Structure formats: structure tokens, C-alpha cells
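Quick notes on the structure that follows.
As the structure is a computational prediction, the values presented were derived from the model and not from experiment. Counting from 1, the numbers follow the sequence of the chain as shown.
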Amino acid sequence: MNAHLQPTGSAYFIQKETAAVENHTLSVLVSNEPGVLARVIGLFSGRGYNIESLTVSETEHEAHLSRITIVTRGTPIVLEQIKAQLERIVPVHRVLDLTVRAREFGQERPIEREVALIKVAGSGEDRAETLRLADAFQAKVVDATVEHFIFEITGKSSKIDQFVAIIKPLGLIEICRTGIAAMNRGPQGM
């Protein structure tokens, strides 16, 4: 056995990875039909790939097409394997690595946004501080009682993470996040 080959849990020996692990955002255009999402997720789970964020919605009603946005982590080789395997699924029309495309256009990342609903206890002296912080983060109050607030916040995931960290000591109750929606800059479509 060669020293550079390392035994794994499979029957094959895989060369040790030395490349850095990166987050990439993939956009997958699929036919909007039953079972497609399950097949895409099955590809990830069956090969031990993790999904950091997942959003899906029909984007072209007349053509019955949906767009799945997946954020995943891996080395460049693993990310190429994921893309190639996704392209082989029959109802998949196109797979685009938005992170790679953004770099081709000289940008660090694609435009990525997320929406979160955040429920915070809101009574006593902390009530005014909670509203002040929400205003600073441009979080919108969508429901309020004398005991709590529900805020809607939109932006980069890091902005939402920051808001959650700051609001936590004031009485964070619950968080619901949509996952990342992403698109590249410029006039080109997917």
C-alpha cells in the first residue's frame, strides 16, 4: 500500500485531502414535481455531504420549474463531485455554483439574503432596549404584546447571527430562519 493512500470505511482507498474546506452556494434548477427535493437531499445524505442551508420554491410557474438553493461545505474536489452528481439526477435542468461564478466576475460572494422571525420577551426595562437594538438592525416588529415581540429581519446570515447574539440576553424565546436565497450580480441569468 502506498503511504499517500489512506484506508477509509469504503472498499476503495482515497488520496488524503489537502485542499481547504469552503462554503459554496449552489443553485439547482429542477422540474417542479413530487420527489425531486427528496432525491436531491438523498444524494447529499447518501454520500455524507452536509447541507448548511436549503431553500426551494417554484420560480417559473408556466414551465413548472423550481429553484433549490443549497449552501454546503467541502473541498474543491468534493464540490465538483456534488455538482456532477446533481447534474445526473433526471429532473435537474441546471446546476450552478454561485460562489465560483461570483469569483469569475471578480466578486467575493454572490448576493445572499436570509429572513428570520425572532421572538423576544419584551417586558420591564428591557423592552425599550429590545426596540432600540431592533431599530439599529432594521428589524421590523411584526407582532407585539405586553409580554413579547416578534421581529422580522432580513439580510446576510452574519447580520442575523449578530442580532441574535445581541438580543439573547434580553430574553430570546424562539427563532425561525428561512435559509439563504442567493443570486449573482450582473445581467446574466442562471
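Under the 4.5 Å side-chain heavy-atom criterion for grouping Ile, Leu, Val, Met, Phe, Trp and Tyr, Val100 is not connected to Val95 through any hydrophobic cluster. No continuous path of ILVMFWY side-chain contacts below 4.5 Å connects Val115 to Ile160, so the two sit in separate hydrophobic clusters.
The line from NE2 of His24 to CD of Glu52 is 12.5 Å long, rounded to the nearest 0.5 Å. One distance of note links OG1 of Thr25 with CG of Leu96; it measures 10.5 Å at 0.5 Å rounding. Rounding to the nearest 0.5 Å gives a distance of 10.0 Å between CD of Glu152 and OG1 of Thr178. To the nearest 0.5 angstrom, Glu60 atom CD is 5.0 Å from Leu65 atom CG. Residue Leu29 holds its CG atom at 12.5 Å from CG of Leu86, rounded to the nearest 0.5 Å. In this structure, CD in Gln162 is found 11.0 Å from NZ in Lys156, a value given to the nearest 0.5 Å.
Side-chain contact between Thr69 and Leu54 is absent, with no heavy atoms from C-beta onward closer than 4.5 Å. Between Phe44 and Ile82 the shortest side-chain heavy-atom distance falls below 4.5 Å. Between Thr99 and Asn23 the shortest side-chain heavy-atom distance does not fall below 4.5 Å. Inter-residue side-chain proximity for Arg39 and Pro91 is flagged as met; some heavy-atom pair is nearer than 4.5 Å. The shortest side-chain heavy-atom distance between Ile118 and Phe149 does not fall under the 4.5 Å cut-off. Looking at Ile153 and Lys140, their side chains never come closer than 4.5 Å, going by heavy atoms from C-beta outward. Side chains of Gln188 and Asn184 form no contact here, defined as non-hydrogen atoms less than 4.5 Å apart. Residues Met183 and Leu98 are not in side-chain contact: their nearest non-hydrogen atoms beyond the backbone lie 4.5 Å or more apart.
Under the 3.5 Å distance criterion, with hydrogens and angles disregarded, no donor-acceptor pair is assigned to the side chains of His61 and Asn32. Residues Ser157 and Glu114 have side chains that bring a donor and an acceptor to within less than 3.5 angstrom of each other. Under 3.5 Å, the side chains of Arg113 and Thr154 contain no donor-acceptor pair of N or O atoms.
Taking both residues in full, the closest heavy atoms of Val146 and Ser123 are given as O-CB, 3.8 Å, listed atom of the first, atom of the second, then distance. Among all heavy-atom pairs drawn from Leu170 and Val120, the shortest one is O-CG1, 4.2 Å. Considering all non-hydrogen atoms of both residues, Val56 and Ser66 come closest at CG2-CB, 4.4 Å. Across all their heavy atoms, Val141 and Ala144 have their closest contact at CG1-CB, 4.0 Å. The nearest pair of heavy atoms linking Val40 to Ile68 is CG2-CD1, 4.1 Å. Considering every non-hydrogen atom in both Ile41 and Ile51, the closest pair reads CG1-CD1, 4.4 Å.
The other residues sharing a hydrophobic cluster with Ile150 are Leu117, Val142, where clustering joins ILVMFWY side chains under 4.5 Å apart.
Side chain of Ser53 to backbone of Val71: no donor-acceptor contact under 3.5 angstrom is found. Between the side chain of Arg127 and the backbone N or O of Gly122 there is at least one donor-acceptor pair closer than 3.5 Å. Side chain of Ser31 to backbone of Glu33: no donor-acceptor contact under 3.5 angstrom is found. A donor-acceptor pair is defined here as one N or O able to donate and one able to accept, closer than 3.5 Å; such a pair exists between the side chain of Thr55 and the backbone of Ile180.
Every pair passing ring-ring contact (aromatic ring centres under 6.0 Å, His included) that includes a residue from residues 96-145 is listed here, sequence neighbours excluded: Phe137-Phe163. Residue pairs satisfying the ring-ring contact (aromatic ring centres under 6.0 Å, His included) criterion with at least one member in residues 63-99, sequence neighbours excluded, are absent.
The neighbour count for Gln138 CD, taken as heavy atoms of other residues, nucleotides or ligands under 6.0 Å away, does not exceed 12. Counting non-hydrogen atoms of other residues, nucleotides and ligands closer than 6.0 Å to CD of Gln81 gives a total above 12.
Comment: Asp161 engages Arg177 in a salt bridge, judged by a side-chain N to carboxylate O separation of less than 4.0 angstrom. Comment: Glu129 engages Arg132 in a salt bridge, judged by a side-chain N to carboxylate O separation of less than 4.0 angstrom. Comment: Arg73 does not engage Glu22 in a salt bridge, judged by the lack of any side-chain N to carboxylate O separation of less than 4.0 angstrom.
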Problem set entry | Intermediate values then yes/no, side chain to side chain donor-acceptor pair (under 3.5 Å), Arg67 and Ser27 | CA-CA 7 Å; Arg67 183 174 176 149; Ser27 187; 2.8 Å; yes

Problem set entry | His148 and Asp143: CA distance, side-chain angles, deciding distance, side chain to side chain contact (heavy atoms under 4.5 Å, CB included) verdict | CA-CA 8 Å; His148 80 279; Asp143 185 56; 3.1 Å; yes

